[in-house]
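Right, one structure below, let's go through it.
Both backbone and side-chain heavy atoms feed into the values below; hydrogens, waters and symmetry mates do not. This structure is a prediction, so every number in the text was calculated from the model and none was measured. Every chain is numbered from 1, with letters handed out A, B, ... down the list of sequences.
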Amino acid sequence: MKTVREGLLSAAGLCILVVLASAPAHGFPAFARRTGLRCTSCHESWPVLNDFGRAFRDNGYQLRLGKDVPTENPFAFWPVAIRITPHYAYNTVTGQETDQGKKTLTTGGIADGAMDLLVGGNLNQNVSYLVVPTGFASDGAVSLESYWVYFTRPLADSDWLNIRVGKHEVDLPVSAHRSINLTNPYLIYGYHPAGDQDVAGVFSLGSNQRGVEVLGHDRGSFLRYSVSLFNANDSPGSRNAWDSPSAYGHVQKYWRLDSYGVSEVELGAFGAYAQYPTKTLTLNGQPLAGTGGDLRPSERYGLEGSILLGPAETPLRLELVLASGKDDKDLYQGAALRDGTWNGGFFEAIWVPPTDGLHWGIFGRYDYIRNSKQPLDVAKDTNDQDQFTIGVKYTLAFLNRDEYALHFEYSTDRMKRMAFDGSDLRVGTLFGGVDFAF
Amino acid sequence: MRNSSFALILAALLATAACVPAFADERPGDPRHGKLVYQRYCLSCHGDLGNGQGEFAQWITPRPRDYRQGTFKWRSTPSGALPTVDDLEKTIRDGVYGTYMPTWFAIGHRARLDVIAYIQQFSDRWKTEKAEAGIEIPAEPPNDAASIDKGKKLYVALKCAQCHGDQGQADGVSAHELKDDWGNIIEPADLTATPSYKCGDTARDIYRVFMTGLNGTPMPSFVSQISKEDAWDLAHFIWSLRPGGANHPQPPAVGAVAGH
């Protein structure tokens, strides 16, 4: 039992560090420089996309005004931008085991931030791309978070078939890379029940996946679908022709109501079936990469709904996403008694007050996880989680060159029975910084 | 909180969505909301003062519309008149091909009406002039070879080539001397180069331009010079010049380009 808790405690701590050290992703001023549009055109409250931004993205970063090919751009235009958030973070962890007993640890300071280098645009009419090296923190590590090419209307003059090839974020109900909050991730995307994590703790909908996405939509992207076939993230690799064959699907429908009271309603459904090998060939007792077999699934299924209250240009967006997840017991390398299953979700509110200049963004979110079957012989509610986030963002300047904003946020996460002595583990983060993209 | 509780909320959302037609709001635009729509989508080109001098304006041609004069190119109304709200919404909804004016289809009808109401506040013309109705456009006659041939003759007779060129390629003798009412250099449309014209994609759109002219530009209205039948013939000829059109000229040989 202690091993389980220690493993999860370490994992929780690692998650916190990863989140705090990672630069938030996509807000892309290079598009603003190319199109002349301010960030507010595409982002409801930066970096959350609005309807126009969603349509622009689904159309392959094209406005279809006869100016999408690179030769139509000014010669001096470079499709490159950066985003980084210099910030102060104050973290508390209760229930920490030390040689001196149970302690509450606090740390604070200007964080060792990371950065996204965003490179993206169009290679030709109906061919777009995105390359995102990320990292650049003091450890010197850089990885490619995204790299893909997107063919718009490749087979017919129809928006219902577009193809993306490469490492991409699957089409989530709410983007894990375009979240307005900067501390806690959406729990349902990467949660796994308690246990010897091993392979079972790897799959995350929030991680970008290597594969092919087929996406289609109507005019304005009010009805849209996406199907991704991919290698499950961080799989050790199998002998299959398609590495660790996995799939994700998502469908969304938006109803524009054109009312000041309720301006839009949206419903959707999503599901993922990711597979990981549970046995590998070995050399000198060590697993050989790419030799995995006996694939076993990690699954996610869910429903989503959102509603925009007030005018769509200054809305109160209420978003609800529910999900269930299951990890096959064999993913726990024989340690599990049964499959691990859970239910969870989040409720997010983002409000853009109707003030002159649209500078404010006020947000809050509640995430929860409730385990329904534990793979190991532990209490059913072990590692049930409740996570709250509140924050405010004040954008100092919207230009068609850059955007920078003051960002303040507080979040807290309670992980039930996860302290070393069986009590609840609580983690809190106070965050304040300048979020900018240029 | 349990998933079953949240499922009830999703069901409520679904019920709300089912009531969409009941919420449809056809009230006139509200300029107070329109100002926020304008700030979100329009400001970088059209400017805080509606003078067409936003931060991006200096980099682009044609220049963004200066709203203070109440002068608009794309209208269904007679030459010199203000456009209708429908005209303005068409421009906002469909964009203007070949310019930096995007297709604001996704922002919705309500937001477009509101921003139009706000734009109308930049010029006193909207307060002092009575709105005129759009011109009547008769049913389109057959778009056939005979009509196109007649249109070609009218193209010559009306001296369209002076600006648009003999082949419609925007290389007429006056093509590089044109300015709009704001003193900006503008170019005549190359009728052969793009699949879409700024005024729209159909022969009906082209007909409308002949009869209304483009306010603020050297493109006049021909309503007093040609009959409706002639206007359709001319529209069919222009329409045929588009890529893929019946009369689209073949690209010149490489040597001819070099010689030019």
Side-chain angles (χ1 to χ4, degrees), chain A residues 32-33 35-38 40-41 50-56 63-67 74 219-222 253 255-267 303-307 311-314 318 320-324 343-345 347 354-358 366 368 370 398-401, chain B residues 1-3 6-7 9-14 16-27 30 32-45 54-57 59-60 64 95-115 193-196:
Chain A
R33 288 193 282 273
T35 63
L37 301 172
R38 288 188 171 189
T40 51
S41 297
N50 61 17
D51 290 346
F52 183 80
R54 186 180 67 247
F56 179 69
L63 291 177
R64 301 194 186 286
L65 298 171
K67 296 180 179 297
R219 188 182 185 197
S221 281
F222 290 105
K253 170 63 181 173
W255 288 270
R256 174 54 68 84
L257 275 64
D258 275 332
S259 162
Y260 293 138
V262 179
S263 51
E264 190 169 276
V265 174
E266 175 259 338
L267 289 171
L303 298 171
E304 59 178 292
S306 68
I307 187 166
E313 58 278 2
T314 55
L318 304 176
L320 177 64
V321 181
L322 306 176
S324 293
N343 297 310
F347 177 73
T355 57
D356 200 33
L358 305 170
Y366 167 63
Y368 78 99
R370 295 291 180 268
F398 294 111
L399 300 171
N400 67 357
R401 300 289 195 281
Chain B
M1 196 177 304
R2 298 287 181 170
N3 272 11
F6 279 144
I9 300 174
L10 278 176
L13 284 171
L14 187 60
T16 306
C19 299
V20 167
F23 281 92
D25 188 345
E26 287 299 328
R27 286 176 295 176
D30 181 340
R32 292 171 304 158
H33 289 292
K35 181 178 183 181
L36 297 171
V37 178
Y38 186 86
Q39 289 181 339
R40 182 174 280 283
Y41 302 113
C42 316
L43 202 61
S44 61
C45 288
E55 66 221 29
F56 195 57
W59 306 107
I60 58 176
V96 182
Y97 189 85
T99 76
Y100 281 86
M101 176 65 183
T103 303
W104 296 111
F105 175 80
I107 72 172
H109 178 60
R110 176 80 262 150
R112 289 192 292 267
L113 290 184
D114 289 344
V115 79
T194 65
S196 298

key: Stepwise side-chain contact (heavy atoms from CB on, under 4.5 Å) test for S221(A) and F105(B)   = CA-CA 10 Å; S221(A) 281; F105(B) 175 80; over 6 Å; no
On a heavy-atom basis, which atom in [X] and which in [Y] lie closest, and how many Å separate them?
X: R401(A); Y: F56(B); value: NH1-CD1, 4.4 Å
X: F222(A); Y: A106(B); value: CZ-O, 3.5 Å
X: A111(B); Y: E313(A); value: CB-OE1, 4.1 Å
X: H109(B); Y: D258(A); value: CB-OD2, 3.2 Å
X: V96(B); Y: L65(A); value: O-CD2, 3.7 Å

ask   = Among A312(A), A32(A), G357(A), which has the most heavy-atom pairs under 4.5 Å with chain B?
value = G357(A)
Measure distances from [X] to the heavy atoms of chain B and classify the residue's part below 4.5 Å as side chain, backbone, both or neither.
X: T355(A); answer: backbone
X: D356(A); answer: both
X: F56(A); answer: neither
X: P311(A); answer: side chain

Output the distance between atom [atom1] ([X]) and atom [atom2] ([Y]), rounded to the nearest 0.5 Å.
X: S41(A); Y: L43(B); atom1: OG; atom2: CG; answer: 9.5 Å
X: Y97(B); Y: R64(A); atom1: OH; atom2: CZ; answer: 10.0 Å
X: L358(A); Y: K35(B); atom1: CG; atom2: NZ; answer: 10.5 Å
X: C45(B); Y: L37(A); atom1: SG; atom2: CG; answer: 6.5 Å
X: Y41(B); Y: N50(A); atom1: OH; atom2: CG; answer: 4.5 Å
X: W104(B); Y: D51(A); atom1: CH2; atom2: CG; answer: 12.0 Å

Residues R38(A) and E55(B) bridged, charged N to O under 4.0 Å = yes
ask   = Side chain, backbone, both or neither: which part of D114(B) has a heavy atom under 4.5 Å from chain A?
value = side chain
request  = Would you please classify the geometry between the H33(B) ring and the Y260(A) ring as parallel, tilted or perpendicular, with 30° and 60° separating the classes?
outcome  = parallel
inquiry  = For R219(A) and T103(B): C-alpha separation, side-chain torsions, deciding distance, then whether side-chain contact (heavy atoms from CB on, under 4.5 Å) applies.
reply    = CA-CA 11 Å; R219(A) 188 182 185 197; T103(B) 303; 3.5 Å; yes
request  = Using atom types as modelled and distance alone, determine if a side-chain donor or acceptor of R40(B) lies under 3.5 Å from a backbone N or O of T40(A).
outcome  = yes
